[in-house]
Asks: 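For reference, the structure I am asking about is given below.
Starting from 1, each residue takes its place in the sequence as its number.
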Amino acid sequence: MTLWFVFALMTVAAIFAVLWPLGRTSRAQDQGSEVAVYKDQLAEIERDLSAGLILAPEAEAARVEISRRLLAAAASEPATAPTSSLKWRRAAAVLAFAGLPLVAVGVYMPLGSPRLQDFPLAQRERGSGMAQSLENLVVQVEQHLEKNPTDGRGWNVLAPVLERLGRFDDAVRAYRNSLTYNGESAERRSDLGEAISAAAGGVVTAEAKAEFERARALNADDPKANYFLGLAAEQDGRKDDAANMWRALLAKAPADAPWRALVQSSLARVGGGGTMPALSDETIAASKDMAEGDRNAMVRGMVDRLATRLKQNGDDVEGWLRLVRAYLVMGERDKAMGASADARQAVAGDTERLRQLNEGLRTLGLGG
């Protein structure tokens with residue numbers, strides 16, 4: 001309430017400052033003008049001449065000079081508007097003083113809301129700026145496609161935007177039209193399968209799985225298709241199959257693949273294929289015929305050797321992440337936390353390695 005009272009006082013002061021001149025006469029302004037000064041000087045010359053204080057030639061010269069200045073001043077002053085009645089000006093001032101707040105209240109009541117919570121500027125810019133402009137663009141593209149439904153390029157552009165906006169059913173339809181008018185490709189089949197899964201709340205349905213299998217038939221190395229087929233295996237309870245798919249995907253992935261961290265995180269989630277975390281395909285193949293106890297002992301020995309090597313040479317970020325992941329898979333979270341701290345300390349002097357390490361640890365759920 002104090003803040004609103006201060007605002008009210010400020011408003012009254014501003015209105016008073018604007019309206020106060022309306023209630024005053026222009027006498028002081030007239031008296032202070034240059035024209036009035038020069039007229040007074042002419043009258044003073046006449047008085048001095050009559051009193052014998054100056055001679056007639058001096059009086060004439062002074063009259064000429066002052067008359068010249070008087071004419072120049074009169075020419076430079078703007079023409080004054082006809083003066084209105086003081087009574088009417090004051091009545092207008094009072095009317096404005098009382099009417100402005102009433103008009104403001106009348107406008108605010110139907111449009112404003114005093115109970116509306118604050119909406120920060122950053123959110124306003126994002127919400128009303130980016131989102132609104134994106135929605136407008138989508139509407140324009142949709143209107144274009146209603147008139148030109150065979151525009152395959154338009155469907156190709158619209159589909160991922162609809163998916164980003166959470167309009168998954170519309171995205172599915174757009175991806176289907178993209179396939180119809182642009183032709184078959186592994187990427188389009190994978191995108192369609194992803195949209196179908198998103199519409200199902202993240203579940204890889206039979207329909208989505210069929211699309212991913214079609215994509216892999218077109219391109220056996222399609223990363224999205226292989227990832228989601230692994231996810232389908234995990235959702236079916238076949239964690240070992242999911243781990244094998246993701247491990248094979250990582251083996252072929254470029255080092256800078258943007259989806260690499262996602263696959264690594266998923267692999268850690270399913271336990272890397274049971275009790276064999278972060279092992280090469282050759283080692284896994286060699287261990288299949290071992291007894292469970294022997295295989296666990298082999299894995300433990302490899303993890304211990306990896307930890308020893310990293311203590312001697314701590315620059316291997318990928319090695320640290322494999323070690324942390326292995327501890328997590330084996331249920332030894334305390335050791336995983338300790339290895340994370342050792343890894344950060346080992347690469348603390350290298351900004352780029354530290355960044356890579358922290359990103360990898362975040363994917364494993366250890367912050368960073």
Asks: Less than 4.0 angstrom from a charged side-chain N to a carboxylate O is my criterion; do E184 and R214 meet it?
Replies: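 Not counted as a salt bridge, because no side-chain N and carboxylate O are separated by less than 4.0 Å.
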Asks: Any side-chain heavy atom of D222 within less than 4.5 Å of one from R216?
Replies: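 Answer no - side chains too far apart.
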Asks: Looking at W320 and G314, would you say the former's side chain and the latter's main chain have a donor-acceptor pair under 3.5 Å?
Replies: yes
Asks: Which is it for E142 and L145 under the side-chain contact (heavy atoms from CB on, under 4.5 Å) test, yes or no, and what are the steps along the way?
Replies: CA-CA 5 Å; E142 287 177 326; L145 290 173; 5.7 Å; no
Asks: State, without any angle test, whether R153 and N182 hold a side-chain donor-acceptor pair at a distance under 3.5 Å.
Replies: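 Side chains of R153 and N182: no pair found under 3.5 Å.
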Asks: Testing E213, E211, E194 one by one against R189 for a side-chain hydrogen bond (donor to acceptor under 3.5 Å, both in side chains), which residue passes?
Replies: E211
Asks: Keeping N148 on the side-chain end and D151 on the backbone end, is there a donor-acceptor pair under 3.5 Å?
Replies: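 Side chain of N148 to backbone of D151: no pair is present.
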Asks: Mark yes when over 12 heavy atoms from residues, nucleotides or ligands other than N313 sit less than 6.0 Å from its CG; otherwise mark no.
Replies: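 Yes, the 6.0 Å shell around CG holds more than 12 heavy atoms from other groups.
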Asks: Whether D221 and K252 form a salt bridge (side-chain N of Lys/Arg under 4.0 Å from carboxylate O of Asp/Glu) is what I want to check.
Replies: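 Result for this pair is yes, salt bridge flagged.
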Asks: Of the non-hydrogen atoms in G230 and A242, which two are nearest, and what is the gap between them?
Replies: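 Result for this residue pair: O-CB, 3.1 Å.
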Asks: Flag yes if more than 12 heavy atoms outside E318 fall under 6.0 Å of its CD atom; otherwise flag no.
Replies: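 Atom CD in E318 is packed in, count exceeds 12.
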Asks: I'd like to check K239 versus R269 (side-chain heavy atoms, cut-off strictly below 4.5 Å). Are they in contact?
Replies: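 Counting from C-beta outward, K239 and R269 never come under 4.5 Å.
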Asks: Would you confirm whether the ring centroid of W259 sits within less than 6.0 angstrom of the ring centroid of Y227?
Replies: no
Asks: Identify the heavy atoms of N219 and A186 that sit nearest to each other, and give their distance.
Replies: CB-CB, 3.6 Å
Asks: Any chance you could measure L323, atom CG, to K311, atom NZ, to the nearest 0.5 Å?
Replies: 9.5 Å
Asks: Can you tell me how far CG of D316 sits from CZ of R353, rounded to the nearest 0.5 angstrom?
Replies: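 It comes to 8.5 Å.
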Asks: For the atom pair CD (Q356) and CG (L361), what is the distance rounded to the nearest 0.5 Å?
Replies: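 One finds 12.0 Å between CD of Q356 and CG of L361.
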Asks: Does one hydrophobic cluster hold both V270 and V203, with members joined at side-chain heavy-atom distances below 4.5 Å?
Replies: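 Different clusters: V270 never reaches V203 through Ile, Leu, Val, Met, Phe, Trp or Tyr contacts under 4.5 Å.
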Asks: Going by salt bridge (charged side-chain N to carboxylate O under 4.0 Å, His left out), name the residues that satisfy it together with E352, two or more places apart in sequence or in a different chain.
Replies: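 Once residues adjacent in sequence are excluded, the partners of E352 under the salt bridge (charged side-chain N to carboxylate O under 4.0 Å, His left out) criterion are R355.
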Asks: Are I196 and L162 connected in the hydrophobic side-chain network, where two residues link if heavy atoms are under 4.5 Å apart?
Replies: no
Asks: Can you give me the closest heavy-atom contact between W155 and P149, atom names plus distance?
Replies: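 Of all heavy-atom pairs spanning W155 and P149, the closest is NE1-O, 2.8 Å.
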Asks: Atom CZ in R238, atom CG in N244: separation rounded to 0.5 Å?
Replies: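 If I round to the nearest 0.5 Å, the distance is 11.0 Å.
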Asks: Is there side-chain contact between R322 and Y327, with at least one heavy-atom pair below 4.5 Å?
Replies: no
Asks: Give every donor-acceptor pair under 3.5 Å between a side-chain atom in residues 170-177 and any protein atom, sequence neighbours left out.
Replies:
residue : atom : partner : partner atom : Å
D170    : OD2  : R167    : NE           : 3.0
D170    : OD2  : R167    : NH2          : 3.0
Y175    : OH   : E163    : OE1          : 3.1
R176    : NH2  : E207    : OE2          : 2.4
N177    : ND2  : R173    : O            : 3.4

Asks: Can you name the residues that form a side chain to side chain donor-acceptor pair (under 3.5 Å) with K335, not counting sequence neighbours?
Replies: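 Partners of K335 under the side chain to side chain donor-acceptor pair (under 3.5 Å) test: none.
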Asks: Does a side-chain heavy-atom distance below 4.5 Å link F168 with S197?
Replies: no
Asks: Please check: side-chain N/O of R344 versus main-chain N/O of L354, any donor-acceptor pairing under 3.5 Å?
Replies: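 No, the answer is negative, given that no donor and acceptor are paired below the 3.5 Å cut-off.
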Asks: Let me confirm one number: the OG-CG distance from S185 to D191, rounded to the nearest 0.5 Å.
Replies: 7.5 Å
Asks: Which atom names give the shortest non-hydrogen contact between S178 and N156, and what distance separates them?
Replies: OG-OD1, 3.0 Å
Asks: Using every non-hydrogen atom in the two residues, find where L306 and G319 come nearest and quote the distance to one decimal.
Replies: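 Smallest interatomic distance, heavy atoms only, reads CD2-O, 3.8 Å.
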Asks: So do D350 and D315 actually touch side chain to side chain, heavy atoms under 4.5 Å?
Replies: no
Asks: How close do L192 and L179 get, counting heavy atoms only, and between which atoms?
Replies: CD2-CD1, 3.7 Å
Asks: Has Q235 got a side-chain atom pairing as donor or acceptor with V204's backbone, closer than 3.5 angstrom?
Replies: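 Flag set: sc Q235 to bb V204 pair under 3.5 Å.
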Asks: Would you say that T205 contacts K209 through its side chain, given a criterion of any heavy-atom pair below 4.5 Å between the two side chains?
Replies: no
Asks: If Ile, Leu, Val, Met, Phe, Trp and Tyr residues are connected whenever their side-chain heavy atoms lie under 4.5 Å apart, and connections chain through other members, are L218 and L229 in the same group?
Replies: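 No, L218 and L229 fall in different hydrophobic clusters.
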Asks: Check whether any side-chain heavy atom of Q264 lies under 4.5 Å from a side-chain heavy atom of R260, and answer yes or no.
Replies: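 Side chain of Q264 against side chain of R260, heavy atoms only: contact under 4.5 Å found.
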Asks: Any non-hydrogen side-chain atom of L250 less than 4.5 Å from a side-chain atom of L267?
Replies: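 Touching, per the 4.5 Å side-chain cut-off.
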